[in-house]
Trainee: 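Please read through the structure below; I'll follow up with questions.
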Amino acid sequence: MKSAFLKAGNLPTLVACFLYFDLSFAVWVLLGPLAIFIAEDLHLDAGQKGLMVATPVLAGALLRIAGGILVGQWNARRTGIVMQLVVIAGLLAAWYLGLHGFPQVVALGLVLGVAGASFAVALPMVSYWYPPQQQGIALGLTGAGNSGTVFASLFAPALAVAFGWRNVLGFAALPLLAVFVFFLLAAKDSPKSPPRKTMADYARLLRKTDAWWLMFFYSVSFGGFVGLASFLPIYFHDQHHLTAVTAGYFTAGCVFAGSFARPFGGALADRIGGTRALSVIYAVVAATLLTVAKGVLPAFGTLGVIVVAMTALGMGNGAVFQLVPQRFGRDVGLMTGLVGMTGGVGGFYLAASLGYAKQFSGSYEIGFAMFAVLAIAAWGGIAAVRLRWREDAAMPAGVRV
């Protein structure tokens with residue numbers, strides 16, 4: 001299996017896309033680990049803190065559509081080069097000029113959203129190199145670039161204490177520059193890449209019910225992952241009175257679990273089918289988030305429950321993207337943008353709702369509970385489509401859904 005996988009695709013491109021995805025995700029959620037420092041310096045309230053960490057998530061969601069369009073009109077490699085340059089320039093400008101108010105923080109969040117849109121470039125670029133029966137593991141490995149959020153949570157707070165949070169913005173541009181050079185040298189577009197797409201192709205996909213189902217499923221799995229990854233430093237600091245550095249370490253543990261579970265979710269979906277895997281995953285997500293909503297556990301107990309939730313969400317991300325190329329094989333680039341967009345929208349909703357839940361009710365309970373309800377709805381959606389998808393005669397031999 002390992003030998004066949006290595007021979008089937010293009011390993012340098014997979015590695016380049018993983019690194020691009022990994023470092024992009026690190027800066028995409030960078031405002032989360034720095035939120036405590038920024039909020040204190042700029043005197044932000046709970047709602048503004050929620051919007052601060054949610055803005056890059058929403059921007060990344062919307063820009064994934066733009067990224068998907070550019071991949072279709074240009075190619076994945078050229079799009080990735082341009083997007084990396086935008087993020088690097090934005091970080092260096094923020095470091096050099098400084099951020100002096102909430103509007104400027106929001107403006108930086110919009111630029112960091114371009115990093116979140118890397119999803120719409122890296123995944124289709126890898127997908128076109130691999131056959132259908134290896135899509136789960138190929139996209140799972142690329143999508144493990146979610147692990148970049150671990151580095152942000154692990155290192156950003158400590159660097160902010162040592163050098164100041166504004167200098168962390170400049171430090172973040174340095175590894176991005178190194179990955180940019182490697183991407184230029186190693187990443188290649190597949191000769192099997194589909195021809196250019198028109199806007200009519202996007203409209204065609206949006207008329208298909210299956211596209212909306214996949215978008216909804218990912219809004220819960222990835223939305224839960226990135227929303228929590230962005231907001232957990234604030235949650236652990238406010239709810240359990242941890243220092244910014246300790247809250248970052250707690251968040252890093254949670255994000256590590258979710259990030260590295262993604263390829264296992266893809267591999268599991270390849271083995272037993274994406275719909276079967278997701279039916280279990282969404283049940284686990286709902287149960288754990290309802291447990292967190294009660295808010296009665298101590299800090300380490302909460303950490304354990306959220307680790308389980310993030311593991312399930314990470315596996316869910318891999319499982320959803322095992323299904324995408326099976327349902328929309330030649331349109332995977334377009335669907336990556338659409339599905340990725342709704343994943344980001346889910347993350348924006350979760351992060352923003354937690355901030356406003358705290359501001360208006362004094363508790364995070366409502367925010368967690370409402371997202372648990374969405375996970376239950378996703379479980380019901382899987383039950384609704386599972387039989388039809390598994391009986392679809394158009395599925396290639398050996399591929400499980």
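These values consider heavy atoms only, across backbone and side chains, with no hydrogens, waters or symmetry-generated copies.
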Trainee: For F371 and G223, work out which heavy atoms get closest and say how close.
Mentor: CZ-C, 4.0 Å

Trainee: Does F180 have any ring-ring contact (aromatic ring centres under 6.0 Å, His included) partners at least two apart in sequence or in another chain, and if so, which?
Mentor: none

Trainee: Checking F256 now: which residues fulfil side-chain contact (heavy atoms from CB on, under 4.5 Å) with it, not counting sequence neighbours?
Mentor: V150, F260

Trainee: In residues 28-35, what donor-acceptor pairs under 3.5 Å come from side-chain atoms, sequence neighbours left out?
Mentor:
| unit_1 | atom_1 | unit_2 | atom_2 | d |
| --- | --- | --- | --- | --- |
| W28 | NE1 | P56 | O | 2.6 |

Trainee: Is there a side-chain contact (heavy atoms from CB on, under 4.5 Å) between D210 and R388 once you walk through the steps?
Mentor: CA-CA 11 Å; D210 286 355; R388 175 171 61 84; 2.7 Å; yes

Trainee: Going by heavy atoms in the side chains, are L354 and Y235 under 4.5 Å from each other?
Mentor: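 No, too far: nothing below the 4.5 Å cut-off.
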
Trainee: Quick one: list whatever passes side-chain hydrogen bond (donor to acceptor under 3.5 Å, both in side chains) with D45, sequence neighbours left out.
Mentor: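 Per chain and number, D45 pairs via side-chain hydrogen bond (donor to acceptor under 3.5 Å, both in side chains) with no residue.
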
Trainee: Show which side-chain atoms of residues 289-312 pair as donor or acceptor with protein atoms under 3.5 Å away, not counting sequence neighbours.
Mentor:
| unit_1 | atom_1 | unit_2 | atom_2 | d |
| --- | --- | --- | --- | --- |
| T291 | OG1 | A287 | O | 2.9 |
| T302 | OG1 | H240 | NE2 | 3.3 |
| T302 | OG1 | L297 | O | 3.4 |
| T302 | OG1 | P298 | O | 3.0 |
| T311 | OG1 | V307 | O | 2.8 |

Trainee: Partners of R77 by salt bridge (Lys or Arg N to Asp or Glu O under 4.0 Å), sequence neighbours excluded?
Mentor: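 Residues passing salt bridge (Lys or Arg N to Asp or Glu O under 4.0 Å) with R77: none at all.
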
Trainee: Using side-chain heavy atoms (C-beta onward) and a distance below 4.5 Å, is S24 in contact with Y20?
Mentor: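 A side-chain contact exists here, since the closest heavy-atom pair is under 4.5 Å.
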
Trainee: Taking distance alone, no hydrogens or angles, what donor-acceptor pairs closer than 3.5 Å link side-chain atoms of residues 245-252 to residues at least two apart or in another chain?
Mentor:
| unit_1 | atom_1 | unit_2 | atom_2 | d |
| --- | --- | --- | --- | --- |
| T246 | OG1 | T243 | OG1 | 2.9 |
| T251 | OG1 | A247 | O | 2.8 |

Trainee: For F264, look at atom CZ and say whether over 12 heavy atoms of other residues, nucleotides or ligands are found less than 6.0 Å away.
Mentor: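 No.
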
Trainee: Under 4.5 Å between any side-chain heavy atoms of Q359 and Q48, yes or no?
Mentor: no

Trainee: List in chain and number order the residues that pass ring-ring contact (aromatic ring centres under 6.0 Å, His included) with F231, two or more places apart in sequence or in another chain; answer none if no residue qualifies.
Mentor: Y364

Trainee: Would you please classify the geometry between the F222 ring and the Y218 ring as parallel, tilted or perpendicular, with 30° and 60° separating the classes?
Mentor: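 Correct class here is parallel.
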
Trainee: If I compare all heavy atoms of A16 with all of A187, which pair ends up nearest, and what's the gap?
Mentor: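 Scanning both residues completely, I find the closest heavy atoms to be CB-CB, 4.0 Å.
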
Trainee: Set out, in order, the CA-CA distance, both residues' side-chain angles and the distance that settles side-chain contact (heavy atoms from CB on, under 4.5 Å) for Y349 and V345, then state yes or no.
Mentor: CA-CA 6 Å; Y349 164 76; V345 170; 5.6 Å; no

Trainee: Is it the case that the ring center of F216 lies less than 6.0 angstrom away from the ring center of W212?
Mentor: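 W212 vs F216: aromatic centres not under 6.0 Å.
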
Trainee: As a quick check of understanding, evaluate side-chain contact (heavy atoms from CB on, under 4.5 Å) for Y356 and L51, giving each step before the final call.
Mentor: CA-CA 9 Å; Y356 281 113; L51 281 177; 3.2 Å; yes

Trainee: So which atom in A54 and which in A351 form the shortest heavy-atom distance, rounded to 0.1 Å?
Mentor: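 Shortest heavy-atom separation between A54 and A351 comes out as CB-CB, 3.9 Å.
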
Trainee: If the condition is ring-ring contact (aromatic ring centres under 6.0 Å, His included), which residues does Y282 pass it with, not counting sequence neighbours?
Mentor: none

Trainee: With side-chain contact (heavy atoms from CB on, under 4.5 Å) as the criterion, how do H237 and L242 come out once you've worked through the C-alpha distance, each side chain's angles and the decisive distance to 0.1 Å?
Mentor: CA-CA 5 Å; H237 176 73; L242 304 181; 5.6 Å; no

Trainee: Please find the pair of heavy atoms, one from G148 and one from D22, that lie closest to each other, and give the distance.
Mentor: N-OD1, 2.9 Å

Trainee: L268 and A277: which non-hydrogen atoms are nearest, and at how many Å?
Mentor: CD2-CB, 4.1 Å

Trainee: Give a yes or no on whether a salt bridge exists between R78 and D189, defined as a side-chain N under 4.0 angstrom from a carboxylate O.
Mentor: no

Trainee: Quick check: do D238 and K49 have side-chain heavy atoms less than 4.5 Å from each other?
Mentor: yes

Trainee: According to side-chain contact (heavy atoms from CB on, under 4.5 Å), who are the partners of S190, at least two apart in sequence or on a separate chain?
Mentor: Y128, W129, K192, S193

Trainee: Can you find a pair of side-chain heavy atoms, one from R276 and one from V280, that are under 4.5 Å apart?
Mentor: no

Trainee: Find out whether V385 and R327 are in side-chain contact, i.e. whether some heavy atom of one side chain is under 4.5 Å from a heavy atom of the other.
Mentor: no

Trainee: I'd like to check the ring-ring contact (aromatic ring centres under 6.0 Å, His included) partners of F182; sequence neighbours left out, ordered by chain and number.
Mentor: none

Trainee: Enumerate donor-acceptor pairs with a distance under 3.5 Å from any side-chain N or O in residues 79-100 to protein atoms, sequence neighbours excluded.
Mentor:
| unit_1 | atom_1 | unit_2 | atom_2 | d |
| --- | --- | --- | --- | --- |
| T79 | OG1 | L70 | O | 3.4 |
| T79 | OG1 | N75 | O | 2.8 |
| Q84 | NE2 | G80 | O | 3.2 |
| W95 | NE1 | N167 | OD1 | 3.1 |
| H100 | NE2 | L97 | O | 3.2 |

Trainee: Over all heavy atoms of both residues, which pair between S230 and P233 is shortest? Give the atoms and the distance, please.
Mentor: O-CD, 3.7 Å

Trainee: Do L323 and L278 make a side-chain contact, defined as non-hydrogen atoms from C-beta onward lying under 4.5 Å apart?
Mentor: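 The answer is yes, as the side chains (C-beta and beyond) meet within the 4.5 Å cut-off.
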
Trainee: For the residue pair F163 and F171, is the inter-centroid distance of their aromatic rings smaller than 6.0 Å?
Mentor: yes

Trainee: Checking ring-ring contact (aromatic ring centres under 6.0 Å, His included) for the pair F25/F225: CA distance, chi angles, key distance, verdict?
Mentor: CA-CA 12 Å; F25 263 53; F225 172 83; 7.4 Å; no

